[in-house]
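Quick notes on the structure that follows.
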2 protein chains.
Amino acid sequence: MFSIGQLSKRTGVKIPTIRYYEQMGLIDAPERSEGNQRRYTKDGLSRLSFIRHSRELGFSVEDIRGLLNLSQHPEKPCHDAHSIAAQHLKDVQTRIAKLRRLERELKRITQCDADNVADCAVIETLADHGLCETEH
Amino acid sequence: MFSIGQLSKRTGVKIPTIRYYEQMGLIDAPERSEGNQRRYTKDGLSRLSFIRHSRELGFSVEDIRGLLNLSQHPEKPCHDAHSIAAQHLKDVQTRIAKLRRLERELKRITQCDADNVADCAVIETLADHGLCETEH
DNA sequence: TCTTGAAGCTATAGCTACTAGAGACATTAT
DNA sequence: ATAATGTCTCTAGTAGCTATAGCTTCAAGA
């Protein structure tokens, strides 16, 4: 049996976040001690680790709810898990592409070496989209 | 003079967002019509365009507050504008790097071709961080 | 056994940057 | 004049937590 603090240390999920997950129904409400404190089992630990890891990979809480659900049913086809992951991969790739365009634009505008704001490319570019090289 | 709807169309910023910016102090409260509706000048239009464009480049509202401030003082050195932009560029690059690692990991785990959840690499990897190739 | 300090409890509010909705009033076109 | 559209304020909701207040419980040392 782990206290919430021990669970937190083992998984790296902060205490208020664990309680938040419980509230959101991602983890079951665990048993309580006589004094009403949460007591977790190994099962609770691995479920939370699953969540933690999924969050690190950027899955949304809703996605995780689905994945957790699937993981409880080992006999089911894993097609659903794949489509969640594949969709997420796509999202990540879209975000990368977008950020790359931003990076290019930011690199360009930070290269200005003017002395004052009047001639500054940063300010000027922000004021006038027409000065941008790429679309965004 | 533009109504809020016209301003919205010209800048691409949604009406509630314009009001939100006003509330946040990013744009000045404009004059009102006799019937209490907002009426904007060209100045208001260009200020909002500046904000819109900065948001598109991913600057935070706080950053934009600083940049707008600087843009009002053309005689000032533009060092501050540069450091805001440079810091933002750095953030963007960090995010790109992180997303690339995610992308790699997601690509790897979505390549599984198991039939059911019990053998599914997606689920398995999420449950056990040790199966990951890269750190995150 | 008593005490003390750390850890845990609930409930509420705050964060970013908006977005949505309700219900009332203003403006514009016909 | 009337109807359709636009705008007003206010409140609450979104994701995924984080922080605070004021209280109770637990575990270890004297």
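Just so it is clear: chains get the letters A, B, ... in the order the sequence lines come, proteins before strands, and each one is counted from 1. These values consider heavy atoms only, across backbone and side chains, with no hydrogens, waters or symmetry-generated copies. Nothing here was measured: the structure is a model prediction, and the numbers come from that model.
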Using atom types as modelled and distance alone, determine if a side-chain donor or acceptor of [X] lies under 3.5 Å from a backbone N or O of [Y].
{"X": "B/Ser49", "Y": "B/Leu45", "result": "yes"}
{"X": "B/Gln87", "Y": "B/Ile84", "result": "no"}
{"X": "B/His88", "Y": "B/Leu57", "result": "yes"}
{"X": "A/Arg100", "Y": "B/Ile96", "result": "no"}

Span of DNA chain C engaged by chain A, first through last nucleotide within the 4.0 Å heavy-atom cut-off, is C/dG8 to C/dT10
Let's see if you get this right: which residues in residues 87-94 of chain B place a heavy atom under 4.0 Å from DNA chain C?
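Within residues 87-94 of chain B, no residue comes under 4.0 Å of DNA chain C.
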Numerically ordered, the residues 16-35 of chain A set in heavy-atom contact under 4.0 Å with DNA chain C is A/Arg19, A/Arg32
Would you kindly give the [atom1]-to-[atom2] distance between [X] and [N], to the nearest whole Å?
{"X": "A/Arg55", "N": "D/dA15", "atom1": "CZ", "atom2": "P", "answer": "11 Å"}
{"X": "B/Ile15", "N": "D/dG6", "atom1": "CD1", "atom2": "P", "answer": "8 Å"}
{"X": "A/Met1", "N": "D/dC26", "atom1": "CE", "atom2": "P", "answer": "14 Å"}
{"X": "A/Arg38", "N": "D/dT25", "atom1": "CZ", "atom2": "P", "answer": "15 Å"}

Smallest heavy-atom separation, B/Val122 atom then A/Ala85 atom, equals CG1-CB, 4.1 Å
Of all heavy-atom pairs linking A/Ile18 and A/Ile27, the shortest is O-CD1, 3.6 Å
ask   = Does the distance from a Lys or Arg side-chain N to an Asp or Glu carboxylate O, for B/Glu105 and B/Arg108, drop under 4.0 Å?
value =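 B/Arg108 and B/Glu105: salt-bridged.
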Discussion item. Assess whether a salt bridge exists between B/Glu56 and B/Arg52, defined as any Lys/Arg side-chain N lying under 4.0 Å from an Asp/Glu carboxylate O.
Written reply: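 Counted as a salt bridge, because a side-chain N and a carboxylate O are separated by less than 4.0 Å.
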Residue pair B/Asn36/B/Glu62 against DNA chain C: nearer the 5' end by closest nucleotide is B/Glu62
For the CG atom of B/Leu126 and the OG atom of A/Ser54, what is their distance to the nearest 0.5 Å?
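That separation rounds to 4.0 Å.
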Measure the spacing between CG of A/Leu48 and CZ of A/Phe2 and express it to the nearest 0.5 Å.
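With rounding to 0.5 Å, CG (A/Leu48) is 11.0 Å from CZ (A/Phe2).
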A/Asp80 meets the side-chain contact (heavy atoms from CB on, under 4.5 Å) criterion, sequence neighbours left out, with A/Leu70
Judged by nearest nucleotide, the residue sitting upstream toward the 5' end of DNA chain D, A/Lys14 or B/Gln37, is B/Gln37
Exercise. Does B/Leu7 belong to the same Ile/Leu/Val/Met/Phe/Trp/Tyr cluster as B/Met24, with side-chain heavy atoms less than 4.5 Å apart forming each link?
Worked result: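 Linked, B/Leu7 and B/Met24 end up in one cluster.
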Residues touching DNA chain D, which here means a heavy atom under 4.0 Å, drawn from residues 40-49 of chain A:
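Contacts with DNA chain D under 4.0 Å: none.
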Just jot down the salt bridge (charged side-chain N to carboxylate O under 4.0 Å, His left out) partners of B/Arg38, sequence neighbours excluded, or say none.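 Per chain and number, B/Arg38 pairs via salt bridge (charged side-chain N to carboxylate O under 4.0 Å, His left out) with B/Glu22.
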